[in-house]
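To start, the structure itself, in structure tokens.
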Amino acid sequence: MTWDYSDMGKWSWKKHPRGAVIPKAGTAHDYKTGGWRSQRPILDKEKCINCFFCFIYCPDTAIIVKDEDMKGFDLKHCKGCGICAHECPKDAITMVDEIKAKQQDESASA
Ligand code: SF4
Ligand code: SF4
């Protein structure tokens, strides 16, 4: 069965089928869970030893690794759960208030 969900954003609740339906693999990427975040992870690169515990534990695959180097966070998908900070053996990740972090971003880019 092929399920056309291309206009799902316009559906009323009546059109949604009962139960959980995952029409194909990888659709979670379409959900920008970063919008839920109230806390933001901040990386202290000086402390990071590239053990990738954060990558393994992150439930949103929001840890960016490139060339075997931990590069930071995909903030479109990081929902601020803090698991990476909890699991990091070097305390290289700190969770900060999202609103304050946004305000700092805005004043830095102004
Ligand atoms: S705070 Fe949670 S979702 Fe965000 S990068 Fe860390 S483990 Fe992943
Ligand atoms: S868990 Fe900590 S030390 Fe390990 S890669 Fe992530 S930030 Fe770096």
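Note that ligands are numbered from 1 as they come in the structure, with each ligand's atoms numbered from 1 the same way.
Atom 4 (Fe) of ligand 2 lies at 2.8 Å or more from every N, O or S atom belonging to C88. Checking C54 against atom 8 (Fe) of ligand 2, every N/O/S atom stays at or beyond the 2.8 Å cut-off.
Checked by atom type and distance alone, the side chain of K45 pairs as donor or acceptor with a backbone atom of M70 at under 3.5 Å.
Within a 6.0 Å radius of CZ in F55, no more than 12 heavy atoms belonging to other residues, nucleotides or ligands are found. More than 12 heavy atoms of other residues, nucleotides or ligands sit less than 6.0 Å from atom CD1 of I56. Summarising the local packing, CZ of F53 is surrounded by 12 or fewer heavy atoms from other residues, nucleotides or ligands at distances under 6.0 Å. For NZ of K71, the number of neighbouring non-hydrogen atoms (other residues, nucleotides, ligands) closer than 6.0 Å is greater than 12.
Close contacts between ligand 1 and F73 involve ligand atoms 5 (S) [criterion: under 4.0 Å to a heavy atom]. Atoms of ligand 1 lying under 4.0 Å from any heavy atom of C58, numbered from 1 in the order shown and given with element: 3 (S), 5 (S), 7 (S), 8 (Fe). For ligand 1, the atoms lying closer than 4.0 Å to a non-hydrogen atom of G80 are 1 (S), 4 (Fe). Within ligand 1, the atoms closer than 4.0 Å to a non-hydrogen atom of C84 are 1 (S), 5 (S), 6 (Fe), 7 (S), numbered from 1 in the order shown. Under a 4.0 Å criterion applied to the non-hydrogen atoms of C78, ligand 1 contributes the atoms 1 (S), 3 (S), 4 (Fe), 5 (S). Residue contact check: D60 has heavy atoms under 4.0 Å from atoms 3 (S) of ligand 1.
Summary of contacts: the protein heavy atom closest to atom 5 (S) of ligand 2 is F52 N, 3.2 Å. Here the heavy atom of the protein found nearest to atom 1 (S) of ligand 1 is G82 N, 3.2 Å. Here the heavy atom of the protein found nearest to atom 3 (S) of ligand 2 is I49 N, 3.4 Å. Among all non-hydrogen protein atoms, the one lying nearest atom 8 (Fe) of ligand 2 is C48 SG, 2.4 Å. Protein heavy atom closest to atom 4 (Fe) of ligand 2, with residue, atom name and distance, is C51 SG, 2.4 Å. The nearest protein atom to atom 2 (Fe) of ligand 1, hydrogens excluded, is given as C81 SG, 2.3 Å; this is a heavy-atom distance.
The pair D60-R37 fails the salt-bridge criterion, with no side-chain N (NZ, NE, NH1 or NH2) lying under 4.0 Å from an Asp/Glu carboxylate O.
Here I63 has no heavy atoms under 4.0 Å from ligand 2, in either its backbone or its side chain.
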side-chain contact (heavy atoms from CB on, under 4.5 Å) assessment of C78 paired with R40:
CA-CA 8 Å; C78 163; R40 183 188 297 193; over 6 Å; no
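Nearest heavy-atom pair across L75 and P41 is CD2-CD, 4.5 Å.
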